[in-house]
Protein chains: 2
Amino acid sequence: MQDNDVTILGAGLVGSLLATLLAERGITVDVYEKRKDPESRPVEQGRSINLALSHRGIRSLQLAGVYDQVQKHLIPMKGRMMHDVKGNLSFQSYGREDQHINSVSRAGLNYTLIEHARAQGVNFHFDSFCQGVNLEKTTCYFEGETVRSNVLIGSDGAFSVLRQAMQRTERFNLEQYYIPHGYKELTLHPQDGDFALEPNYLHIWPRGNFMLIALPNPDKSFTCTLFFPFEGDLSFQSIQTEEGVLRFFEQYFPDVLPLMPNVAKEFIANPTSSLVTIKTSPWHRNNSLLIGDASHAIVPFYGQGMNAGFEDCRLLIEWGEKFNFDWKKLLPHFSTHRKRDADAISDLAMKNFVEMRDKVADERFLKIKKFEARLQQHYPDTWLPLYTMVTFSDIPYAEAKSLGELQAKLMAELPDDFDPETHPMEGVIARFNALKQGAQ
Amino acid sequence: MQDNDVTILGAGLVGSLLATLLAERGITVDVYEKRKDPESRPVEQGRSINLALSHRGIRSLQLAGVYDQVQKHLIPMKGRMMHDVKGNLSFQSYGREDQHINSVSRAGLNYTLIEHARAQGVNFHFDSFCQGVNLEKTTCYFEGETVRSNVLIGSDGAFSVLRQAMQRTERFNLEQYYIPHGYKELTLHPQDGDFALEPNYLHIWPRGNFMLIALPNPDKSFTCTLFFPFEGDLSFQSIQTEEGVLRFFEQYFPDVLPLMPNVAKEFIANPTSSLVTIKTSPWHRNNSLLIGDASHAIVPFYGQGMNAGFEDCRLLIEWGEKFNFDWKKLLPHFSTHRKRDADAISDLAMKNFVEMRDKVADERFLKIKKFEARLQQHYPDTWLPLYTMVTFSDIPYAEAKSLGELQAKLMAELPDDFDPETHPMEGVIARFNALKQGAQ
C-alpha cells in the first residue's frame with residue numbers, strides 16, 4: 001500500500017494546475033491518470049476542441065507561474081464574427097478594444113501544465129485507472145495497487161470515478177442532464193498557407209436551433225464545431241450520407257463549404273459527442289473533494305468550463321492559505337462557498353446557447369449590445385455588461401448572474417424603436433442603482 | 001443461463017402488482033427479489049411505514065382482482081386532525097363526506113400482493129440480488145446465475161440496480177435530490193386496549209419547519225413519523241439524549257407525550273431515514289424499462305408514491321393491450337407519455353410538505369379550503385379542489401397540477417377579509433373557465 005499526502009485523480013487541465021499550485025506550497029502531490037504519459041505519444045494538434053481562455057483562467061495560470069509559457073500559444077479573439085446564410089459578415093466585439101478571449105489547444109495546454117507540474121516535483125502516475133474508492137479510508141484502488149491518502153481530490157471530469165463513489169453515500173445530490181444537442185468537430189484547413197477566415201475572431205454561423213462555430217489554431221487551421229440536435233427533422237439522425245451532408249452545408253453554410261473540401265467524409269467519419277450538465281452537492285465527503293468538471297460540468301457555450309475549473313484551483317489555494325491547509329476545515333468551506341457560483345455559471349452557459357445560435361442575429365439584441373457598450377463607456381464603475389463580468393472580471397459568477405438579471409430587466413423595458421446611440425442613459429443608471437440596492 | 005419472457009426486478013408493491021397484471025394476460029413472469037420470501041419470516045406489524053391508499057391505487061388493485069382481499073385491512077381516514085401546541089384539535093376534511101384515504105401496512109399489503117401473484121402463476125425468486133445488468137443483451141447477473149429476458153422491468157425502488165446500469169449509458173438524465181429533512185418512526189401504543197387517538201384521521205402536529213404525523217394501524221396502535229431537519233439549531237443532530245427528546249416533546253408535542261412512555265428510548269434507538277426525489281429520463285433502454293420509484297421516487301407528503309406506482313402498472317397494461325404487447329412500441333410509449341405526470345406529482349408532493357407542516361394551521365389557508373369545498377358542492381363538474389383531483393380522481397397528475405395552479409391564482413386574488421360562506425362564486429367560476437380556455 002502506498003501512502004500519499006495529497007492524491008489527485010486526473011491529470012487533465014484542472015488536475016495538473018492544482019497539483020502545481022499545491023506543490024508550490026510545499027505539499028507533496030501524486031497525480032493518477034488513466035491516459036498514457038503525453039510525452040510518450042505526440043500531442044494531437046488541432047483535433048481536440050480548442051478552448052477559450054479568458055481572465056479567470058489566466059489569473060490562475062499566473063498564480064501558478066505558468067502563464068508566460070502558455071501565452072505564446074494563444075490566438076486572441078476580439079469578438080464574434082457572424083456569418084449569415086448569404087455569407088454576409090457582421091462583427092460584435094466581446095468588450096473594450098483591449099479585451100479579448102484566447103483560442104488555445106486543449107492538448108497543448110494540458111502538456112504544458114503537466115510539464116510545469118513535474119518541474120515543481122509533482123509525481124505523475126500515468127496508465128493508472130482508478131477502479132474504486134473507499135471514502136471512509138480515503139483509499140483508491142488501481143490494478144495491483146492500493147493508495148491511501150490524507151486528502152483525495154477528484155479532478156477526473158464529468159464522469160468522475162470519485163463522484164461515483166460519493167453517489168453511493170447517504171444524501172448525495174446529483175443532477176445529470178444531457179441537452180438535446182450533440183456536437184461534431186470538423187476541420188477548416190489553411191488556404192494557400194494562411195488562415196481561410198479572419199483569425200482573430202470566434203466565427204459563428206447562427207441558424208436558430210443549431211449553429212456552427214470556428215476557432216483558430218496555431219497551424220492556421222480552424223476547428224469547426226457543429227452544435228446540432230441528435231434527433232428530429234433536421235438532426236444528426238436525419239443526415240447519414242455524404243450527399244446529405246453536402247446538401248445541408250449548401251443550404252445553411254454556403255460560404256464555408258468551398259473552404260471544406262473534405263467536410264462530407266469528415267462528417268460521416270467523426271464521432272458525434274453529447275453535452276452534459278452535472279450539478280452535485282456536497283462536493284466533499286470525509287477527506288475527499290470533487291473539483292472542476294467532476295463537481296460541476298457545464299455546457300461550453302460561455303467558454304467558461306476550463307476558466308471555472310482554473311478559478312476553483314485558485315480559490316482552493318487562497319482559502320487553503322487562510323485555513324493553513326487544515327483540510328478538515330478547507331474541504332467543507334470550499335464545497336459550500338463555491339457551489340452557488342458553479343450553479344450560476346452552469347445556468348448562464350445554458351442560456352448562452354440560445355443567445356449564440358439564435359439571438360446574435362437579432363436586430364434588437366445587437367442594439368442592446370451597442371447600448372450596453374455605451375453605458376459601460378460612460379459609467380465604467382456602474383455598468384459592466386454580463387459578458388464582461390463573466391469573461392473579463394473576477395466578480396463571483398453568482399453575483400454576475402444576478403446583476404445580469406437586473407440589467408436584462410432594464411433592457412427589456414427599452415422601447416422597440418430606441419436608438420442605442422442617443423437613448424438617454426441617466427434614467428437607466430439611476431434605476432439600475434435603485435434595483436441593486438433593493439436586491440441587497 | 002435461464003431464459004425468461006418478462007423479468008421483473010423487485011417484489012415490492014409495484015413489482016408484485018405488475019407481475020399479477022401481466023400474468024393475468026397470459027404472459028410468463030419471473031420476479032427476482034433480494035429479500036427473503038416473506039413467508040419464511042413473520043411480517044413486521046406496525047413498524048414499517050404505513051401508507052395511504054387512495055383512488056388511483058385502488059383502481060389498479062381492482063384491475064388485478066386483489067382489492068377485496070386488501071380492503072379488509074384498510075383503516076379509512078376522513079381528513080386531517082391538526083393538533084396545536086396547546087393540544088387543541090381542528091379537523092379538515094379531505095373531500096366530500098363519502099371520500100377518504102386509507103391507512104394500510106406496507107408489509108401486509110406487499111405480502112397479499114405476492115401471494116396473489118403466486119396464485120396467478122408468477123415465479124418468484126427470493127434471496128436473489130441482481131449484481132449487474134447488460135442492457136444490450138437484456139441479461140441480469142445473480143450469484144451463480146445469468147438470466148436472459150425478452151423484457152426486463154426494474155421495479156427495484158429508489159436505489160434501482162437497473163437504473164444504475166442505465167446511468168452508465170449515453171445521454172441518460174438523472175436528478176437525485178435529498179431534502180434537508182429526515183424522518184423517524186415512533187410508536188403510539190393502544191391505551192386500555194383501544195386507539196389512543198381518534199382512529200379515522202391522519203393526525204398532524206404542524207410546527208412550521210417540521211411536523212409529526214400519525215396513521216392508525218389495525219392493532220390499534222399508531223405509527224407516528226417525525227419529519228425533522230437533519231441539521232440546524234433544532235434538528236436530529238441537536239437532539240442526541242433521552243433528556244433532550246423529552247424536552248423537545250414537552251415543548252412541541254405536549255398532548256402526545258403522555259401517550260408515548262417509551263418515546264425517548266425509541267427516538268434514540270430508531271434509525272433516522274432520508275427522503276429522496278429521483279427524476280430520470282428516458283425510462284427505457286433497448287428492452288428494459290424502469291417503473292415506480294425506480295424511475296420517479298417522490299417524497300411522501302401527498303400520500304401518492306404507492307398510488308402513482310400502481311397507476312404506472314395500470315397504464316402499462318392498458319397501453320400494452322392497445323399495442324398488443326409489442327414491447328418495442330410499448331416501452332418508449334410508456335417512457336414518453338407517463339413522464340410528465342410523474343414529474344407533476346413529484347413537484348406537488350414537495351409542495352405539500354410546506355402545506356402540511358406549516359399552512360394547515362393558517363387561518364387564510366383554512367378559509368380557502370372551506371370556500372373551495374363550497375365551490376365544489378355548487379359546481380361539481382367545474383371545480384374540483386387540487387387535493388381531490390390528485391387523491392380521488394384519475395385526472396392525469398400533470399393536468400391536475402396545471403388546473404391547481406389556475407385555482408391557486410384565483411384564490412390568491414380573494415380579499416383578506418373574504419367570507420368563505422358568503423363570498424360570491426359566479427365570478428370565480430367564470431374566470432376559472434376563461435383561464436382554462438386560455439391555458440389550452
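Both backbone and side-chain heavy atoms feed into the values below; hydrogens, waters and symmetry mates do not. Convention: sequence-line order gives letters A, B, ...; per-chain numbering from 1. Values in this document were obtained by computation on a predicted structure and should not be read as measured data.
Counting heavy atoms of neighbouring residues, nucleotides and ligands inside a 6.0 Å radius, atom NZ of B:K34 does not exceed 12 of them. Within 6.0 Å of atom CD in B:Q131, more than 12 heavy atoms from other residues, nucleotides or ligands are found, so the atom counts as buried in its surroundings. No more than 12 heavy atoms of other residues, nucleotides or ligands lie within 6.0 Å of NZ in A:K351, so this atom counts as exposed by the packing criterion.
The heavy-atom pair separating A:R171 from B:S274 by the smallest distance is CG-CB, 3.7 Å.
Contacts between A:Q167 and chain B at a heavy-atom distance below 4.5 Å involve backbone atoms as well as side-chain atoms. Using a 4.5 Å cut-off between heavy atoms, B:I179 touches chain A through its backbone atoms (N, CA, C, O) alone.
Residues B:Q176 and A:E175 are not in side-chain contact: their nearest non-hydrogen atoms beyond the backbone lie 4.5 Å or more apart.
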